[in-house]
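Everything numeric here is computed off the predicted structure, so don't read it as measured data. We're numbering straight along the sequence, starting at 1. Below, each value reflects all heavy atoms present in this structure, side chains not excepted, and no hydrogens, waters or symmetry copies.
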Amino acid sequence: MSESRVDVSIEHKGEAEAAQRERGHPNTCPTCHSHYRDEELRAKLRVCPQCEHHFPMPARERVDMLADPGTFQEEAADLRSADPLDFFDLRPYRERLAEAELATGLGEAMVIGRATLDGHPCELAVMDFRFMGGSMGSAVGEKLVRACESAAARGVPLISVTASGGARMQEGILSLMQLPKTVCAVADLYDAGGCLFSVMAHPTTAGVLASFASLGDVIVAEPGALLSFTGPRVVQQTTREKLPPDFGLAESNYRFGHLDAIVPRPELRSYLARLMRLFRRDR
């Protein structure tokens, strides 16, 4: 990707996304305003052919992109969030969960399972931002733990793909407890001789960024992804300081050494396959 395209993407990211929200159509590119049909975007892995903007990618499409055809076997598909606090804001939490499941076809904001990638066995843990902003509640934390346990038991790498707004407020302290829970699960994976490749998609923020997403042996991000504990608007309002135009973006994180690489989506599968060859336990 050319430097000029990266600069344009960084400089106008906030304004362009605001314009997209005003237009309201998810298939309109927020950077160059090109519009696509669903099948066109899917064929291009939801990357704009004109400016290389990376659209959000549903979890099952991501799994299809990474896993060899016919090899993905989903695990913990029946795991669902409970409502331990009987939470109610404008609507009951149970109603929001049911609406998210109906809209996405997913039981939770993470899909896990075993697969092969370029012939190499692995475990996948893929988040979907469409499900309540990819927020991490008890079920998401438990799925990540089970993915770590499955990877450790089979002696294969775990590939996590994150897209999350952070902890799920409707579960209160139980949601925050998922941070140490997932960190311990990754530590157990490492103790068993396993490895974790962390892929951060837009956005990866707050509790997910502060826990397992930042613990990979190799940490990569998609171009233009927001990777920040708190978004730039909140930081600017709190500090009353003017922030650099690339604050919190993947390019800024890479410049400061928080990432190992920025990998465009069309190159991600081959990049991960190369990592799996390098980290093979039978070498």
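Here the closest non-hydrogen pair linking Arg62 and Ala201 is NH2-CB, 3.7 Å. Heavy-atom minimum distance, Thr31 versus Cys51: CB-SG, 3.7 Å. Residue Ala273 comes nearest to Leu117 through the heavy atom pair CB-CD2, 3.7 Å, listed as atom of the first residue, atom of the second, then distance. Of all heavy-atom pairs spanning Pro223 and Pro264, the tightest one is CD-CA, 3.7 Å. In terms of heavy atoms, Phe55 sits closest to Pro26 at CE2-O, 3.3 Å. Closest heavy-atom contact between Tyr271 and Ala261: OH-CB, 3.5 Å.
Classification of Lys143 and Glu108 as a salt-bridged pair fails, no side-chain N sitting under 4.0 Å from a carboxylate O. Between Lys44 and Glu40 there is no salt bridge, since none of the side-chain N atoms of the basic residue sits less than 4.0 Å from a carboxylate O of the acidic one. A salt bridge between Arg269 and Asp68 is present, with a side-chain N of the basic residue lying under 4.0 Å from a carboxylate O of the acidic one. No salt bridge links Asp118 with Arg274; every basic N to acidic carboxylate O contact stays at or beyond 4.0 Å. A salt bridge between Glu101 and Arg96 is absent, with no side-chain N of the basic residue lying under 4.0 Å from a carboxylate O of the acidic one.
Looking only at atom types and distance, the side chain of Arg60 has no donor-acceptor partner in the side chain of Thr104 under 3.5 Å away. For the residue pair Glu171/Ser138, the side-chain donor-acceptor check at 3.5 Å is satisfied. For the 3.5 Å distance criterion, the side chains of Gln178 and Ser211 fail to qualify, holding no donor opposite an acceptor.
Residues Leu106 and Phe72 share a hydrophobic cluster, clusters being chains of Ile/Leu/Val/Met/Phe/Trp/Tyr side chains in contact below 4.5 Å. Under a hydrophobic clustering in which Ile, Leu, Val, Met, Phe, Trp and Tyr are joined whenever their side-chain heavy atoms come within less than 4.5 Å, directly or via other members, Val186 and Val161 fall into different clusters. The cluster map of Ile, Leu, Val, Met, Phe, Trp and Tyr, joined by side-chain heavy atoms under 4.5 Å apart, puts Tyr93 and Leu79 in different clusters. Grouping the Ile, Leu, Val, Met, Phe, Trp and Tyr side chains by contacts below 4.5 angstrom, directly or via other members, places Met110 with Leu189. The hydrophobic cluster containing Val126 does not contain Met136, counting ILVMFWY residues as joined when their side-chain heavy atoms lie under 4.5 angstrom apart, directly or transitively.
Side chain of Glu251 to main chain of Gly224: a donor-acceptor pair is present (N/O by atom type, distance under 3.5 Å, no hydrogens or angles). In this structure, Arg46 contributes its side chain and Ala43 its backbone to no donor-acceptor pair below 3.5 Å. Formation of a donor-acceptor pair under 3.5 Å by the Thr238 side chain with backbone atoms of Val234 is found in this model. Using modelled atom types, one side-chain atom of Thr204 and one backbone atom of Thr162 make a donor-acceptor pair closer than 3.5 Å.
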Test Leu272 against Val199 for side chain to side chain contact (heavy atoms under 4.5 Å, CB included), laying out the working first. CA-CA 9 Å; Leu272 291 171; Val199 180; 4.2 Å; yes
I would like to know whether Cys148 and Leu158 meet side chain to side chain contact (heavy atoms under 4.5 Å, CB included); could you show each step before the answer? CA-CA 7 Å; Cys148 289; Leu158 171 60; 3.7 Å; yes
Chi angles and distances behind the side chain to side chain contact (heavy atoms under 4.5 Å, CB included) call for His53, Val47: CA-CA 6 Å; His53 169 77; Val47 176; over 6 Å; no
Passes side chain to side chain contact (heavy atoms under 4.5 Å, CB included), Met200 versus Ser198? Steps please. CA-CA 6 Å; Met200 299 189 189; Ser198 179; 4.3 Å; yes
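In this view, Glu75 and Arg114 satisfy the salt bridge (charged side-chain N to carboxylate O under 4.0 Å, His left out) rule, not counting sequence neighbours. Residues passing the side chain to side chain contact (heavy atoms under 4.5 Å, CB included) test with Ser164 are Met127, Val208, sequence neighbours excluded. With sequence neighbours left out, the side chain to side chain contact (heavy atoms under 4.5 Å, CB included) criterion links Arg94 to Asp83.
Applying side-chain hydrogen bond (donor to acceptor under 3.5 Å, both in side chains) to Arg265 and the options His54, Glu222, Glu52 leaves one that passes, Glu222.
Counted within 6.0 Å of CZ on Phe87, heavy atoms from surrounding residues, nucleotides or ligands total more than 12; the atom is thus considered enclosed. Within 6.0 Å of the CZ atom in Arg91, the count of heavy atoms belonging to other residues, nucleotides or ligands exceeds 12.
Proximity of Leu215 to Thr182: side-chain heavy atoms (C-beta onward) are nowhere separated by under 4.5 Å. Within the 4.5 Å cutoff, the side chain of Val218 has heavy atoms near those of the Phe279 side chain. Counting heavy atoms from C-beta on, the side chains of Lys181 and Val145 come closer than 4.5 Å. At least one side-chain heavy atom of Arg168 sits under 4.5 Å from a side-chain heavy atom of Leu97. With a 4.5 Å cut-off on side-chain heavy atoms, Pro203 and Leu227 do not count as touching. The shortest distance between side-chain heavy atoms of Val63 and Glu74 does not fall below 4.5 Å. The closest side-chain heavy-atom distance from Tyr190 to Leu196 is below 4.5 Å. At a threshold of 4.5 Å between non-hydrogen side-chain atoms, the residues Leu259 and Val220 do not count as touching.
Rounding to the nearest 0.5 Å gives a distance of 8.5 Å between NE2 of His202 and CG of Leu249. Going from atom CG of Leu268 over to atom CZ of Phe197 covers 11.5 Å, rounded to the nearest 0.5 Å. Note that CD1 of Ile219 is 5.5 Å distant from OG of Ser214, once rounded to the nearest 0.5 Å. Here the CZ-CG distance, from Arg42 to Asp64, works out to 11.0 Å after rounding to the nearest 0.5 Å. The line from SG of Cys195 to CD1 of Ile159 is 8.5 Å long, rounded to the nearest 0.5 Å. Atom CG of Leu144 sits about 10.5 Å away from atom CD of Glu149, to the nearest 0.5 Å.
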